[in-house]
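First the proteins, then the strands, lettered A, B, ... as listed; each starts at 1. Model, not experiment: these values are computed from the prediction.
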Amino acid sequence: MPELPEVETVARLIRGPLEGRSIEGVRVEWERSLGGASRRAFSRSMRGARVRSVGRRGKYVVLALERAGAEAGFVLVHLRMSGRLHVDAAEEPEREYTRVACALSGGSELRFVDVRKFGRFRFVRDAQDVLGELGPEPLSSGFDGAWLHAALRARRRLLKPLLLDQAFLAGLGNIYVDEALFRARLHPLEASDRVSAGKAAALADAIRGTLTEAIEREGSSFDAFYRTPEGNPGGYQHQFQVYGREGRPCRRCGRDVERIVVGQRGTHLCPRCQPRPRRRARGTGR
DNA sequence: AGCTACTCCTGGTAGC
DNA sequence: TGCTACCAGGAGTAGC
């Protein structure tokens, strides 16, 4: 599933072919991919605009648009489970499951392909309306052990659901949360406000390290869905320590990796490296 | 405040 | 072989 490293890879690879191109026409095959806008309104907003820049915030690919050199809104693409972006020559055969396509100057086409239809290809006037709700970027300079420790203590939540909360920290999904918690030797059911400063620092390092290494390998292709815009699978799935490895030996200690369910999410951990938290004593705190 | 359950979707797969 | 039932999963929402 595309998380921060996959989205970063996509943004980097479509930047070259997209920046500076004008949008000459749009085709909408599945209207709900637009996230509420009508085909007509979407078309009107897009047609004639030029792609000024391509970036990423959290799990969003962000296209900044301009008209006559002035800001003209943004496209926010969320790939969710099965979304992909490709820039193809217009004469290339149609891709199966294409939901939205934008014809570009120079004879290419930006194609949003999404088997499961959960992804979104939205036009917004003000990107901050959406991106402003997100927590900090884990690879930004402001994210470190001290920040994380304070933020964890300000909440009373289970670690895993909190790290998946995009308003808390932007960009992590199911895979990288499991990998980062393993690396920091923290159990996913640990209470956020019981994580020590030292453990929080280890977790911050684990998050940054996992994401950085995954970006270097162009993300993870655990299932058939994620491919880079060039059609290649990522390579980080070969580095997984726990995700998808239930019943197989922990690479650190040899104990079988376990799979539990936390907040309706499949969750992978080594029961020896990540010991179960002690139950909070009744009446503690507050 | 934070938790659970449900919804959106479809290809793949387990079970019969 | 061919059918059905169920599953994964990010995020939004409702209800407790």
Student: Can you tell me how far C1' of C:dG10 sits from CG of A:L172, to the nearest Å?
Tutor: 13 Å
Student: Expressed in angstrom and rounded to an integer, what is the separation of A:L164 atom CG from C:dG12 atom C1'?
Tutor: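 In whole Å, C:dG12 C1' lies 15 Å from A:L164 CG.
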Student: Whole angstroms only, please: what is the CG-P distance between A:L79 and B:dC9?
Tutor: 17 Å
Student: Applying side-chain contact (heavy atoms from CB on, under 4.5 Å), run through A:V77 and A:F112 and close with a yes or a no.
Tutor: CA-CA 9 Å; A:V77 184; A:F112 176 62; 3.9 Å; yes
Student: Report the distance from atom CG of A:N174 to atom P of C:dA11, rounded to the nearest whole Å.
Tutor: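 After rounding, the reported distance stands at 11 Å.
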Student: Rounded to whole angstrom units, what separation is found between the CG atom of A:L189 and the C1' atom of B:dT4?
Tutor: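 In whole Å, B:dT4 C1' lies 15 Å from A:L189 CG.
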Student: Could you check whether A:Q264 gets within reach of a base, just the sugar-phosphate, or nothing at all, counting any heavy atom under 4.0 Å?
Tutor: base
Student: Whole angstroms only, please: what is the CG-P distance between A:D178 and C:dA8?
Tutor: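 After rounding, the gap between these two atoms is 13 Å.
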Student: What nucleic acid atoms does A:R265 come within less than 4.0 Å of, heavy atoms only: base, sugar-phosphate, or nothing?
Tutor: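 If one applies the 4.0 Å heavy-atom cut-off, A:R265 turns out to touch a base.
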Student: Does B:dA1 have its OP1 or OP2 closer than 4.0 Å to a side-chain nitrogen or oxygen of A:R157?
Tutor: no
Student: For C:dG10, does either OP1 or OP2 sit under 4.0 Å from a side-chain N or O belonging to A:Y176?
Tutor: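 Indeed not, no polar side-chain atom of A:Y176 lies that close.
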Student: Taking OP1 and OP2 of C:dG10, is either one under 4.0 Å from a side-chain nitrogen or oxygen of A:K59?
Tutor: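 So the side-chain polar atoms of A:K59 never come under 4.0 Å of the phosphate oxygens OP1 or OP2 of C:dG10.
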Student: Which listed nucleotide (C:dA11, B:dC3, B:dT10) is nearest to the side chain of A:R80?
Tutor: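 Nearest listed nucleotide: C:dA11.
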Student: As a test of reading the structure: which of C:dG9, C:dG12, B:dC9 is closest to the side chain of A:R259, going by heavy atoms?
Tutor: C:dG9
Student: Roughly, in whole Å, what's the span from CZ in A:R32 to C1' in C:dA11?
Tutor: 16 Å
Student: What contact category does A:R122 fall into here, base, sugar-phosphate, or nothing, at under 4.0 angstrom with non-hydrogen atoms?
Tutor: nothing
Student: State whether A:H78 places a side-chain N or O below 4.0 Å from either non-bridging phosphate oxygen (OP1 or OP2) of C:dA11.
Tutor: yes
Student: Do the non-hydrogen side-chain atoms of A:S221 and A:R227 ever get within less than 4.5 Å of each other?
Tutor: yes
Student: With heavy-atom distances below 4.5 Å as the criterion, would you say the side chains of A:R276 and A:L189 are in contact?
Tutor: yes
Student: Specify the closest pair of heavy atoms between A:H86 and A:P229, including all atoms of both residues, with the distance to one decimal.
Tutor: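 Shortest heavy-atom separation between A:H86 and A:P229 comes out as ND1-O, 2.9 Å.
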Student: Give, for atom OG of A:S108 and atom CD of A:E92, the distance between the pair rounded to the nearest 0.5 Å.
Tutor: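 Separation between the atoms: 11.0 Å.
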Student: Among B:dC3, C:dA11, C:dG9, which nucleotide has an atom closest to any side-chain atom of A:R116?
Tutor: C:dG9
Student: Using a cut-off of 4.0 Å on non-hydrogen atoms, how would the nucleic acid contact of A:G266 be classed: base, sugar-phosphate, or nothing?
Tutor: sugar-phosphate
Student: Tell me the interatomic distance from A:M81, atom CE, to B:dT7, atom P, rounded to whole angstroms.
Tutor: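 So the two atoms are 17 Å apart, to the nearest Å.
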Student: Can A:F118 be called stacked on C:dG10 when the rule is centres closer than 5.5 Å and an angle between planes below 30°?
Tutor: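 A:F118 ring centre within cut-off of C:dG10 base, planes near parallel; stacks.
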Student: Kindly say if A:R120 contacts the phosphate of C:dG12, meaning a side-chain N or O under 4.0 Å from OP1 or OP2.
Tutor: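 Negative; the distance criterion is not met.
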Student: So does A:Y97 get a side-chain nitrogen or oxygen closer than 4.0 Å to the phosphate oxygens (OP1/OP2) of B:dC9?
Tutor: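 A:Y97 to B:dC9 OP1/OP2: no side-chain N or O under 4.0 Å.
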Student: Among the candidates B:dG11, B:dC3, C:dG10, find the nucleotide nearest to the side-chain atoms of A:L158.
Tutor: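 So the nucleotide nearest the side chain must be B:dC3.
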Student: Do A:S220 and A:Y243 pair up side chain to side chain, a donor and an acceptor below 3.5 Å, judged on atom types alone?
Tutor: no
